[in-house]
Amino acid sequence: MVTRLRKISHTSQFRQCFDSILCKKYSTLTVAPGKDYKNLAAFHKKLTGSKRILALCGAGLSASSGLPTFRGAGGLWRTRNATEIATPEAFETDPGLVWLFYAYRRHMALKATPNLGHFALTALAENLPGFLCLTQNVDNLSIRAAHPPSQLRPLHGSLFNIKCSNPHCSYTEKNNTSDPLHPSLALAALDPAEDEPHPLLDPSHALEHMPAADLPACPECKALLRPDVVWYGEPLDEDMLTSVDEWIDDAQVDLVLVIGTSAVVWPAAGYIERARGRKTSVVTINPEAEKPDNLRKMRKRDFAFVGDAAVLLPQLLEPIIGKPGKNGTYKSKLTSTPNVGC
Ligand code: BV8
Ligand code: ZN
């Protein structure tokens, strides 16, 4: 029993939950933001003096690429709560509905293109080796903006990676962008007429129950395939979390960029305070950045910028990444050609 507790206590997920308790306990100690908390020049001074920057990104980063945020749509898909559908239990009960949910999000993400926010973060990574970007998004838009993989951590997986649902089978498929993924999911790849709701978003459009036999099956063990995303109640990839913990512990983190996230999902949200050191500034970039409950969490070195990440990030990061080119992307330091992404 003691050894098992010791083993668990070492996992970063235990640390995260422990941190979450600590944060709650000590959050009352925080002070109000400093007078310059929304002063661009003051932020640029901090930015140009920063060697190590961590970013935590959420659905808001992809909002102006046309992808709905979770809480934006009231967190609902049809009549179901997205956090309910993104669970092993929902897949157990109705794999057809869960597959339609992900097939629809694959279709929307494939139709979308990275925005200037994604490209600005790519340019920051190319100009600052000490930048690490954590994303909770599974839409692959940061990857399509050619964000250097060594400086990107897709914490919750990707809609375009597929794996077998049988825990004893190691079958996986990377970067599968076929749309529809499977004939049984053709409905998700439909593009309704301009003013027509997508049938999958229209609760009055009844969905037939789809027997598991009609759904994508594993070529190796015939069990059901599933999207390689992290569902609620499932652990994140331990190696990935350890690599983030080690990066944070390596040296002082000067800036933490909190971009387009409500920061309520753990352990991802835990990294904001986990990376905070005595001289760290946490910067919130969000239309709700000056909401009272966010101002309450701020410390005197922190910043808050209200607005669209795709508009603010180019302005905030300009001292390091310069101005975007005509085609809305940045000169890549790696290849003197603009990184057009894919
Ligand atoms: C686990 C993949 C344990 C799938 C996702 C500690 C405390 C409390 C709860 C927990 C805890 N530890 C664990 C839990 C439980 C749970 C959790 O966090 N629950 C929450 C809801 C309370 N966590 C888990 O279950 C995790 N697993 O703990 O396992 C374990 C350990 C060992 C062994 C076994 C088990 C797994 C969590 C991962 C779930 N998967 N995604 C999928 O996508 O379908 S989470 C998913 O939802 C996203 O990835 C993202 O993380 C989250 C959505 O949040 P956001 O991205 O922030 O989006 P949101 O809509 O909320 O907010 C958008 C924001 O953008 C808003 O603020 C808005 O104002 C802003 N915005 C809007 N427009 C713009 C903008 N900002 C800028 N510009 C704009 N234009
Ligand atoms: Zn299999």
Side-chain angles (χ1 to χ4, degrees), residues 7-8 11-21 23-24 56-77 81-88 90-91 98 101-102 104-106 109 115-117 134-139 154-159 162-173 216-238 241 257-272 284-291 293-294 305-313:
K7 217 182 301 98
I8 293 177
T11 64
S12 55
Q13 314 211 21
F14 174 85
R15 278 180 63 144
Q16 290 288 352
C17 296
F18 189 65
D19 285 347
S20 72
I21 298 158
C23 290
K24 288 201 182 69
L56 178 67
C57 307
L61 173 61
S62 298
S64 69
S65 291
L67 297 183
T69 64
F70 283 72
R71 281 162 187 74
L76 286 182
W77 187 75
N81 195 319
T83 53
E84 257 172 57
I85 303 176
T87 63
F91 192 71
V98 173
F101 172 64
Y102 283 103
Y104 172 75
R105 291 172 62 194
R106 284 168 55 92
N115 61 54
L116 257 185
L134 311 182
T135 187
Q136 301 166 82
N137 299 343
V138 293
D139 56 29
L155 296 176
H156 295 162
S158 164
L159 292 169
I162 310 292
K163 67 178 181 181
C164 182
S165 62
N166 164 6
H168 309 298
C169 172
S170 59
Y171 176 82
T172 62
E173 216 179 308
C218 171
E220 281 173 14
C221 75
K222 304 294 172 258
L224 276 175
L225 289 177
R226 57 164 281 180
D228 192 357
V229 295
V230 180
W231 282 331
Y232 287 94
E234 291 185 325
L236 280 62
D237 178 84
E238 199 57 46
L241 294 181
L257 306 175
V258 182
I259 305 167
T261 182
S262 54
V264 296
V265 172
W266 289 72
Y271 281 114
I272 300 170
T284 303
I285 298 154
N286 193 312
E288 300 178 351
E290 280 194 277
K291 275 251 171 102
D293 66 348
N294 190 55
F305 295 100
V306 171
D308 175 6
V311 174
L312 288 173
L313 285 170

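In each ligand, atom 1 is the first atom listed, and ligand 1 is the first ligand listed.
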- Task: Run through W231, Y102, Y232 and flag the one making a ring pair (Phe, Tyr, Trp, His ring centres under 6.0 Å) with F91.
- Result: W231

Between [X] and ligand 1, is there a nitrogen or oxygen pair with a distance under 3.5 Å?
X	answer
Y102	yes
F101	no
W231	no
S64	no
L236	no
V229	no

Out of all atoms in ligand 1, which are within 4.0 Å of some heavy atom of [X]? Include the element for each.
X	result
G58	56 (O)
Q136	48 (C), 49 (O), 50 (C), 51 (O)
G307	77 (C), 78 (N)
A86	44 (O)
E288	69 (O)
T261	55 (P), 57 (O), 64 (C), 65 (O), 67 (O)

Non-hydrogen atoms of [X] and [Y] that approach each other most closely:
X	Y	result
A263	A269	O-CB, 3.4 Å
P287	V306	O-CG1, 3.3 Å
S165	A223	OG-CB, 4.3 Å

Taking non-hydrogen atoms only, is [X] closer than 4.0 angstrom to ligand 1 via side chain, backbone, both or neither?
X	answer
A309	both
R105	side chain
P235	both

- Query: Could you go step by step and tell me if Q136 and L56 meet the side-chain contact (heavy atoms from CB on, under 4.5 Å) rule?
  - Reply: CA-CA 8 Å; Q136 301 166 82; L56 178 67; 3.9 Å; yes

- Do K163 and E234 meet the salt-bridge criterion of a basic N to acidic O distance under 4.0 Å? no

Looking at [Y], is its backbone amide N or carbonyl O close enough to the side chain of [X] to form a donor-acceptor pair, meaning the two atoms are under 3.5 Å apart?
X	Y	answer
N286	G260	no
T284	A289	no
S62	S65	no

- Item | Selection from D228, V265, V306 by shortest heavy-atom distance to atom 37 (C) of ligand 1 | V265

- Message: Tell me the nearest of F305, W266, W77, Y232 to atom 21 (C) of ligand 1, using heavy-atom distances.
- Response: Y232

Is the shortest distance from a heavy atom of [X] to ligand 1 less than 4.0 Å?
X	result
V264	yes
A268	no
A82	no

- May I have the step-by-step check of side-chain contact (heavy atoms from CB on, under 4.5 Å) for L236 and W266, ending in yes or no? CA-CA 10 Å; L236 280 62; W266 289 72; over 6 Å; no

- pair C221-Y171: side-chain heavy atoms closer than 4.5 Å: no

- Query: Taking C-beta and beyond as the side chain, do L61 and L313 meet within less than 4.5 Å on heavy atoms?
  - Reply: yes

- For the residue pair T83 and N81, confirm or rule out a side-chain donor-acceptor distance under 3.5 Å. yes

- If you stand at the Zn ion (ligand 2) and look out to SG of C218 and SG of C169, what angle do those two lines make, to 10°? 110°

